[in-house]
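One structure is given here, and the rest of the page talks about it.
For clarity, every value in this text was computed on a predicted model and none was experimentally measured. All chains are named by letter (A, B, ...) in the order of the sequence lines, taking the proteins before the strands, and each is independently numbered beginning at 1. Excluded from the calculations below are hydrogen atoms, water molecules and symmetry mates; all remaining heavy atoms, backbone and side chain alike, are included.
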Amino acid sequence: MSKELTKRADNYSEWYNDLVVKSQLADHSAVRGCMVIKPYGYALWENMRDQLDKMFKETGHVNAYFPLFVPKSLFEAEETNAEGFAKECAVVTHYRLKADPNNKGKLIVDPEAKLDEELVVRPTSEAIIWNTYKGWIQSYRDLPLLINQWANVVRWEMRTRLFLRTAEFLWQEGHTAHATKEEAIEETVKMVNVYADFVEEYMAVPVIKGVKSASERFAGAEDTYCIEALMQDGKALQAGTSHFLGQNFAKAFDVKFSDKNNKLEYVWATSWGVSTRLIGALIMAHSDDQGLVMPPRIAPLQVVIIPIYKGDESKPVIDEKGHAMMSALKTMGIRVKYDDSDNARPGWKFAEYELKGVPIRVALGMRDLENNVVEVARRDTKEKQTISLNGIADYLKNLLNEIQQNIYDRALTFRNENITEADTFDEMVKLLDEKGGFISAHWDGTEETEEKIKEQTKATIRCIPLDNRQEEGVCIFSGKPSKERVLFARAY
RNA sequence: CGGGAUGUAGCGUAGCCCGGUUAUCGCGCCUGGUUUGGGACCAGGAGGUCGCAAGUUCGAAUCUUGCCAUCCCGACCA
């Protein structure tokens, strides 16, 4: 493995790719557009997943699992949704292979085994789920139905990037059914808030909560709420979405319920999801030219202890102290590793754990033990301090909290410094080219204007922020009147 | 899907233009030893369908064609 990571300033996307692979989060696979998530990356995902799952359950949701395959007839039932995803669907047409008569040892698709109806590999599960809900919902007493599933989905993207856009990705998708429009909207907003809380508090990535413009809306939704994050290169990243689906799917799949007055009504729906893409957001929000910077709360490893031996006789003494410290930290619920592996020297380990973004590194050698201290190095600031062994566990626990907060504050400052108001189109173009980030500007609310701005600048409307300040102005492009600013950015 | 580039050991590479013994070097790996406070050193060793498949040729990493994959730039997108 080469030791050098591409520098962010030299080539940001190469830095990102390099980092994902060298830090062992994931790797390209033999399958086009699909990645292998390696143990370190999967441990990170598990921590994220576990916390989100807890938050979903605290808000009343339960988990279930629906099929990977969606019969084409079900898939096409909700037309807007189907059309929106049609261009990126993997489709199963056969169910059997057979030996190739003309090519020994090879297989061909058995033409006899053609499916009567093609199966779409789910790009999202609304269709199969709403078809199922039809059988589950009869009365208002069956509502609300609050279900989440952890799954993989496939979207056949033209161009893929590790974590940010892979042909197959892991995610969760919540699908809820409600008796009233108000309740469904409330659910949609509740879940975008859950996402924002998770991403900010656990991943330490500040987000802007907002609503998508009509053209950026989820196919089949009445309204799409989202959280938008800003990456270090000034590009925005959609980190999660929550959709108010109205009665579109209820009508498409004929899901009705009897209300208290025995009147048949269509059900109101929401769906919401976040994916392994969040890992991309995490990487690009915090990491530096030395490697990953993991927020302690979801870091697979929070503390690594590295013993530094001098001569064989020092090993048992150091190991004893090291193991004691590890036990104390484990008792406090801290994820810790004592790396006494023999195949690398301390300097190599230092660099390696920096690359992997472990928040705290503790070095333990005879020199320290003689003074009853250890050397504590934090990944976020790269500061090293000599700390007394007395009360070290409490010290490290507090330090983890401090690092979590510091990473968030740093990202928040950067984000806030990169939301810039523009009052003319020229100003906006200049800002996009020279500074990047979010451009806060007036927009006339039409799709035509949005499209023209996109064509000329590659920037899209990321969102109309919730609790947006109302302000009279004129559209930056058309000069027509506008009541509020929206956020534009170039995005991933 | 369009334009450009690349593919040689786990990783990074030389050789290819101009076909010809046993495919170069570094890192990593294995064995033994010395080491260990910022990516150690010495000695010995293992590891290759030269992306895949056809073709040209006495002979192909090298020439031709097709395919596959990756990267960069577009279009598409969470």
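Within the nucleic acid shown, A/T166 comes within 4.0 Å of at least one base atom, counting heavy atoms only. In this structure, A/E157 reaches the bases: a heavy-atom distance under 4.0 Å links it to at least one base atom across the strands shown. Here A/E14 lies out of heavy-atom contact (under 4.0 Å) with every strand. In this structure, A/G33 reaches the sugar-phosphate backbone alone: every heavy-atom distance under 4.0 Å involves primed, P, OP1 or OP2 atoms, never a base. In this structure, A/R161 reaches neither bases nor backbone, as no heavy-atom distance under 4.0 Å exists between it and the strands shown.
The aromatic ring centroids of A/F85 and A/F218 lie less than 6.0 Å from each other.
Taking the C1' atom of each, B/rA40 and B/rA60 are spaced 43 Å apart, rounded to whole Å. On the C1' atoms, B/rU70 is 22 Å away from B/rC27, given to the nearest whole Å. Using P as the reference atom, B/rA61 and B/rC52 are 11 Å apart when rounded to the nearest Å. Distance noted for atom P between B/rG26 and B/rC41: 13 Å (whole Å). Comparing the P positions of B/rU34 and B/rU24 gives a spacing of 33 Å, expressed to the nearest Å. When the C1' atom is compared between B/rG15 and B/rC63, the two are found 16 Å apart, to the nearest whole Å. Across the C1' atoms, B/rC11 and B/rG28 are found 7 Å apart, a figure rounded to whole Å. B/rU62 and B/rC50 have their P atoms separated by 9 Å, given to the nearest Å.
Residue A/R345 places at least one side-chain N or O under 4.0 Å from the OP1 or OP2 atom of B/rA40. An OP1 or OP2 oxygen of B/rC72 is reached within less than 4.0 angstrom by a side-chain nitrogen or oxygen of A/S13.
Whole-Å rounding puts the A/R367 CZ to B/rU36 P distance at 12 Å. If you measure from atom CZ of A/R159 to atom P of B/rA69, you get 16 Å, rounded to the nearest angstrom. B/rU36 atom C1' lies 13 Å from atom CD of A/E313, rounded to whole Å. Rounded to an integer number of Å, the gap from A/E455 CD to B/rG74 C1' is 14 Å.
A 3.5 Å limit on both hydrogen-bonding distances identifies B/rU31 as the Watson-Crick or G-U partner of B/rA43. Pair check for B/rG2 finds B/rC73; Watson-Crick or G-U wobble, both atom distances under 3.5 Å. In this entry B/rC11 has B/rG26 as its Watson-Crick or G-U wobble partner, both defining distances falling under 3.5 Å. For B/rU57, there is no paired base (Watson-Crick or G-U wobble, both distances below 3.5 Å). Nucleotide B/rC67 is matched to B/rG51 when pairs are restricted to Watson-Crick or G-U wobble geometry with both distances under 3.5 angstrom.
By the 30° and 60° cut-offs, the orientation of the rings of A/W171 relative to A/F169 is perpendicular. Ring geometry for A/Y133 against A/W130 counts as perpendicular: the plane angle is over 60°, on a 0 to 90° scale with 30° as the lower cut.
No donor-acceptor pair closer than 3.5 Å links the side chain of A/T270 to the backbone N or O of A/A184.
Cation-pi geometry between A/K356 and A/Y40 is met: under 6.0 angstrom from the ring centre, within 45 degrees of the axis. A/R379 forms no cation-pi arrangement with A/Y353, by the criterion of a distance under 6.0 Å to the ring centre and an angle within 45° of the ring axis.
In terms of polar N and O atoms assigned as donor or acceptor, the side chain of A/K349 never comes within less than 3.5 Å of the base of B/rG37 in a complementary pairing.
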